[in-house]
Number of protein chains: 2
Amino acid sequence: MRKKVKLSLIENATARRKTFLKRKEGLLKKVNELVTLCDVKACAVIYSPYQSTPEVWPSREGVEEVMSKFMECSVGERTKNMVDQEGFVCQSIAQENEQLNKLHEENRNSQIQDFMFGCLEGKMDVRHLDGRDKGDLRSLFEKYLSVVTQRIEILTKNGESSSSLPPLIADAAAPIDLNQNPNVEEHEDILSMENNHQEPVTARLAALTIADADVSAPNNTKTL
Amino acid sequence: MRKKVKLSLIENATARRKTFLKRKEGLLKKVNELVTLCDVKACAVIYSPYQSTPEVWPSREGVEEVMSKFMECSVGERTKNMVDQEGFVCQSIAQENEQLNKLHEENRNSQIQDFMFGCLEGKMDVRHLDGRDKGDLRSLFEKYLSVVTQRIEILTKNGESSSSLPPLIADAAAPIDLNQNPNVEEHEDILSMENNHQEPVTARLAALTIADADVSAPNNTKTL
DNA sequence: GAACCTATTGTTAGAGA
DNA sequence: GTCTCTAACAATAGGTT
């Protein structure tokens with residue numbers, strides 16, 4: 001039903017007016033809440049084509065009071081601690097890009113992990129991988145192997161107390177570093193695999209897994 | 001986990017500061033969205049104890065521009081179309097009271113209806129009712145009876161085409177007028193009944209009901 | 001239009017690192 | 001204190017009347 005709004009001028013004048021009225025309400029409410037909850041002085045002025053005079057909050061006197069504080073500052077002072085629209089937008093974009101890169105990284109890591117488990121099941125064809133993929137896959141294999149080896153040692157020494165076993169698979173957020181364009185489509189094209197690894201990997205790994213049933217690789221692919 | 005915040009000063013200074021920072025972010029985002037989506041000029045100034053200089057949006061120049069529009073108006077003009085904090089709060093309270101009264105009314109109507117169906121099943125004791133309850137119950141009975149009579153006539157004339165039957169029960173939002181304090185607890189105390197009327201009321205009513213199975217009185221009690 | 005409704009998206013309180 | 005997470009709550013886009 002409801003679409004995710006795109007942050008740009010609403011073309012339809014009727015819808016624009018409607019949105020304006022709704023959001024103005026919401027905005028004033030938010031200002032009121034901020035002032036009430038946090039004991040700060042704030043004001044808002046909205047100069048719209050829908051009314052001849054600007055709409056202000058919390059009152060004419062209130063606006064003038066807050067504004068006079070503002071006007072008292074020198075221009076240099078004013079510029080400090082100030083958010084301007086361009087800066088605000090740039091900052092927002094930067095934040096979103098950062099978030100996007102993080103997701104790309106997590107996705108790539110999940111994919112490499114999926115692929116690794118696929119290989120352990122003999123389902124994968126490594127020949128299609130490019131150099132970087134192979135490198136990342138190899139290093140993940142090595143990391144995984146060392147953890148598995150550790151677990152074997154621990155379990156061999158004292159069969160019962162499986163309390164302090166290192167986790168079998170690491171969090172996708174951290175391990176391998178990469179930051180190029182690994183999206184889901186590409187994943188499915190290049191690797192042509194299913195996200196379905198519920199079966200134990202090998203008899204050996206399955207045995208190791210009894211302590212914390214964690215070998216199956218979940219589909220961790222994330223989107224914004 | 002999360003409590004519904006009460007709109008009053010946050011006592012804990014740490015929490016207050018934290019909330020301030022979060023909500024300031026949110027507020028500036030909202031201002032940006034309003035301006036972008038609706039093509040209006042707006043500014044916000046926040047003068048907090050956390051920063052020596054006021055925080056403004058969209059920019060010093062932007063604020064001055066919008067403010068100059070505001071200052072141009074005569075004081076009389078300014079007062080027009082203006083929301084001040086007290087007015088805003090009063091308006092909010094009025095709206096909430098209106099909503100509350102509406103809910104009271106709906107609840108009372110639902111209760112009278114429940115009671116009526118209870119009576120039809122012979123489960124209720126009418127002696128505990130006060131004058132107003134009896135009056136409302138009587139008028140609802142009469143309304144219901146007239147609808148039932150209509151339905152009997154329609155069904156007697158042409159047994160098949162049950163298309164344009166009037167609805168058996170009216171919407172709780174409209175019918176009886178009353179606006180005093182009928183809440184759920186009182187309902188249960190005074191009337192001592194269950195909200196459970198799934199069984200057909202009488203053989204006759206049950207027969208009439210086949211067309212649209214609507215005789216059972218749902219529990220419509222609402223809260224804010 | 002304005003007023004209401006509700007599925008959906010957006011904001012944020014509280015907890016944890 | 002700052003950053004992150006997420007369930008819970010609030011705002012609201014797009015309908016309907």
Side-chain angles (χ1 to χ4, degrees), chain A residues 1-38 40 44 46 48-51 88 91-92 94-103 105-106 167 170-174 220 222-224, chain B residues 1-38 40 44 46 48-51 88 91-92 94-103 105-106 167 170-174 220 222-224:
Chain A
M1 172 186 171
R2 188 180 153 184
K3 286 178 298 188
K4 190 167 178 174
V5 295
K6 49 192 183 316
L7 190 49
S8 66
L9 180 69
I10 297 169
E11 298 294 346
N12 180 333
T14 309
R16 187 164 67 242
R17 180 190 154 87
K18 197 174 162 185
T19 291
F20 171 70
L21 292 172
K22 279 183 175 178
R23 280 176 172 262
K24 177 169 64 62
E25 276 284 300
L27 187 61
L28 294 185
K29 188 165 176 220
K30 288 279 183 199
V31 177
N32 187 43
E33 288 174 0
L34 184 66
V35 167
T36 306
L37 291 170
C38 305
V40 299
I46 301 170
S48 77
Y50 307 111
Q51 301 173 190
F88 184 81
Q91 184 181 314
S92 303
Q95 278 174 7
E96 300 206 340
N97 270 330
E98 201 176 329
Q99 188 67 9
L100 182 62
N101 282 333
K102 195 171 143 192
L103 287 173
E105 189 168 322
E106 284 183 24
D171 185 355
N220 282 324
K222 296 178 183 179
T223 55
L224 267 179
Chain B
M1 171 186 172
R2 189 181 153 183
K3 286 179 297 188
K4 189 167 178 174
V5 295
K6 51 194 182 319
L7 189 50
S8 66
L9 180 69
I10 297 170
E11 298 295 344
N12 180 332
T14 309
R16 188 164 67 242
R17 180 190 154 87
K18 204 173 155 187
T19 291
F20 171 71
L21 292 173
K22 279 184 175 178
R23 281 176 171 261
K24 178 169 63 63
E25 278 284 300
L27 187 61
L28 295 184
K29 189 168 175 217
K30 288 278 184 201
V31 177
N32 187 43
E33 289 175 358
L34 184 66
V35 166
T36 306
L37 291 170
C38 305
V40 299
I46 301 170
S48 77
Y50 308 111
Q51 301 174 190
F88 183 81
Q91 184 181 315
S92 302
Q95 278 174 8
E96 300 207 339
N97 271 328
E98 201 176 331
Q99 186 67 11
L100 182 62
N101 283 333
K102 195 172 143 192
L103 287 174
E105 189 168 323
E106 284 184 25
D171 185 355
N220 282 323
K222 297 178 182 179
T223 55
L224 268 178

Which pairs count as salt bridge (charged side-chain N to carboxylate O under 4.0 Å, His left out) when at least one residue sits in residues 14-23 of chain A, sequence neighbours excluded? A:Arg23-B:Glu33
Could you state the CZ-C1' distance from B:Arg17 to C:dT12, rounded to the nearest angstrom? 17 Å
Here the distance between atom C1' of D:dC3 and atom CD of A:Gln95, to the nearest Å, is 12 Å
Within the structure provided, determine whether B:Phe20 and A:Leu37 are in side-chain contact (heavy-atom separation under 4.5 Å). no
CD1/B:Ile10 to OG1/B:Thr19 distance, rounded to the nearest 0.5 angstrom? 3.5 Å
What one-letter contact string describes nucleotides 10-17 of chain D from 5' to 3', where B marks a base within less than 4.0 Å of any protein heavy atom, S marks contact via sugar-phosphate atoms alone, and - marks no contact? SBBBBB--
Would you mind reading off the bend of the helix from C:dA2-D:dT17 to C:dA17-D:dT2 from its two end axes, five pairs each, to 10 degrees? 30°
Rounded to whole angstroms, how far apart are CG on A:Leu34 and C1' on C:dT11? 14 Å
Interatomic distance, A:Leu21 CG vs C:dA2 C1' [rounded to whole Å]: 10 Å
What closest approach, in Å, do B:Ser48 and A:Val40 show between heavy atoms, and which atom pair accounts for it? CB-CG1, 3.8 Å
For the pair made of CZ in A:Arg16 and C1' in C:dG1, what is the distance, rounded to whole Å? 16 Å
Spacing between A:Leu7 atom CG and C:dT9 atom C1', to the nearest angstrom: 14 Å
NZ-CD1 distance between A:Lys24 and A:Ile46, expressed to the nearest 0.5 angstrom: 6.5 Å
For B:Thr36, enumerate each residue passing the side chain to side chain contact (heavy atoms under 4.5 Å, CB included) test, keeping only those at least two apart in sequence or located in another chain. A:Leu7, A:Gln85, B:Asn32
A:Phe20 has an atom CZ; how far is it from atom P of C:dG1, in whole Å? 15 Å
By side chain to side chain donor-acceptor pair (under 3.5 Å), which residues pair with B:Lys29, not counting sequence neighbours? none
So which heavy atom on B:Leu9 is nearest to which on A:Cys38, and how close? CD1-C, 4.2 Å
